[in-house]
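One structure is given here, and the rest of the page talks about it.
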Amino acid sequence: MPAAEVLAQADTWRRRPGQVIMTAVALDHLDARQMFTSLRQYFTDQITESIAPSDSSNSMVITAPAPKLVEFATLLRELDRQGAGAFRRFETGEFPPSQAVAMVRSYLDQLEGGDVEEPKRAPSLDCRDRVAVMLAPNENAILVYAVTSALDRIAELLLQTR
């Protein structure tokens with residue numbers, strides 16, 4: 001199924017956890033092989049999940065249960081729009097991962113709106129659309145994609161909550 005069609009019907013697909021679908025997500029700015037190296041660890045069910053770079057184009061071929069496929073296809077599209085960056089996995093300890101995601105997103109919203117005073121020594125996160133945050137599947141962790149300075153600042157923020 002084309003990625004555009006999957007994403008256009010994202011709400012419908014999210015409500016179908018038992019349905020496994022496949023799509024290819026074309027990448028304009030990111031390297032599919034590098035993305036594969038970063039993301040393959042999150043596709044652990046060898047029967048219903050796979051991710052691979054396409055040999056004939058710079059795209060990622062994803063097979064997964066519909067809700068997971070929608071999340072990763074959305075993530076790849078957003079990351080590709082943003083350009084270069086890196087992934088980092090953050091353990092949330094006893095702090096619920098969904099709350100950690102919400103906290104990071106709220107912090108980024110405040111930065112974007114100018115409501116947060118950044119410490120002079122810390123790298124600035126000047127815009128939410130440079131950062132992607134999501135739950136790490138089946139783990140007590142979150143997955144963040146951003147430039148290194150943003151990842152370092154998010155790490156500081158998460159440490160403050162422990």
Side-chain angles (χ1 to χ4, degrees), residues 1-92 95-113 115 125-147 150-151 154 157-158:
M1 177 173 289
E5 188 176 329
V6 170
L7 295 175
Q9 300 173 13
D11 289 338
T12 300
W13 288 115
R14 283 188 181 105
R15 292 189 303 268
R16 296 184 180 173
Q19 190 162 359
V20 175
I21 56 177
M22 181 176 75
T23 192
V25 179
L27 303 174
D28 295 323
H29 305 290
L30 298 174
D31 180 79
R33 293 203 177 277
Q34 287 179 341
M35 295 308 296
F36 168 71
T37 301
S38 297
L39 293 175
R40 68 179 170 195
Q41 65 186 323
Y42 297 102
F43 290 80
T44 56
D45 183 342
Q46 295 179 352
I47 296 171
T48 62
E49 301 176 355
S50 69
I51 185 168
S54 171
D55 291 335
S56 61
S57 66
N58 189 39
S59 60
M60 296 298 302
V61 179
I62 304 171
T63 303
K68 185 172 187 172
L69 184 133
V70 167
E71 291 302 315
F72 275 92
T74 302
L75 177 69
L76 282 169
R77 280 277 176 91
E78 181 64 21
L79 298 180
D80 191 51
R81 185 184 68 75
Q82 294 172 18
F87 277 100
R88 190 177 299 172
R89 183 179 163 282
F90 294 98
E91 294 282 339
T92 59
F95 197 71
S98 59
Q99 287 182 2
V101 168
M103 179 183 64
V104 170
R105 286 181 177 158
S106 173
Y107 177 75
L108 295 170
D109 284 342
Q110 291 173 1
L111 280 178
E112 189 173 69
D115 297 335
L125 293 178
D126 57 355
C127 184
R128 178 179 174 166
D129 71 359
R130 293 183 184 191
V131 181
V133 184
M134 66 181 289
L135 295 171
N138 305 317
E139 298 182 45
N140 204 23
I142 62 173
L143 182 63
V144 180
Y145 179 89
V147 295
L151 291 170
I154 290 169
L157 174 69
L158 292 172

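These numbers come from a predicted model, not from an experiment. Heavy-atom basis, side chains included; hydrogens, waters and symmetry copies ignored.
Remark: the backbone N or O of Ala64 is not paired with any side-chain donor or acceptor of Glu49 at under 3.5 angstrom. Counting only distance, with no hydrogens or angles, the side chain of Asn140 and the backbone of Glu91 share no donor-acceptor pair below 3.5 Å. At least one donor-acceptor pair under 3.5 Å links the side chain of Arg105 to the backbone N or O of Val133. Remark: side-chain polar atoms of Ser54 are not paired, donor with acceptor, to backbone N or O of Ser59 under 3.5 angstrom.
The shortest distance between side-chain heavy atoms of Ile142 and Arg89 does not fall below 4.5 Å. At a threshold of 4.5 Å between non-hydrogen side-chain atoms, the residues Val104 and Leu158 count as touching. Put simply, the side chain of Pro65 reaches to within 4.5 Å of the side chain of Thr48, judged on heavy atoms. Side-chain contact between Ser50 and Phe43 is absent, with no heavy atoms from C-beta onward closer than 4.5 Å.
Contact between Met60 and Ala32 at its shortest, heavy atoms only, is SD-O, 3.1 Å. Nearest heavy-atom pair, Ala73 versus Ile62, reported as atom, atom and distance to 0.1 Å: N-CD1, 4.3 Å. Contact between Leu151 and Phe90 at its shortest, heavy atoms only, is O-CZ, 3.6 Å.
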* side-chain contact (heavy atoms from CB on, under 4.5 Å) assessment of Leu69 paired with Trp13 -> CA-CA 9 Å; Leu69 184 133; Trp13 288 115; over 6 Å; no

* side-chain contact (heavy atoms from CB on, under 4.5 Å) between Phe36 and Val61: does it pass, once the steps are laid out? -> CA-CA 10 Å; Phe36 168 71; Val61 179; over 6 Å; no

* side-chain contact (heavy atoms from CB on, under 4.5 Å) between Val6 and Ile21, intermediate numbers included -> CA-CA 9 Å; Val6 170; Ile21 56 177; 4.2 Å; yes

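With a 6.0 Å cutoff to the six-membered ring centre and a 45° limit on the axis angle, Lys68 does not count as a cation-pi contact of Tyr42.
In summary, of the residues considered (Thr74, Ile51, Leu76), a side chain to side chain contact (heavy atoms under 4.5 Å, CB included) with Val25 occurs for Leu76 alone.
With rounding to the nearest 0.5 angstrom, the CG atom of Leu27 is 12.5 Å from the CZ atom of Arg33.
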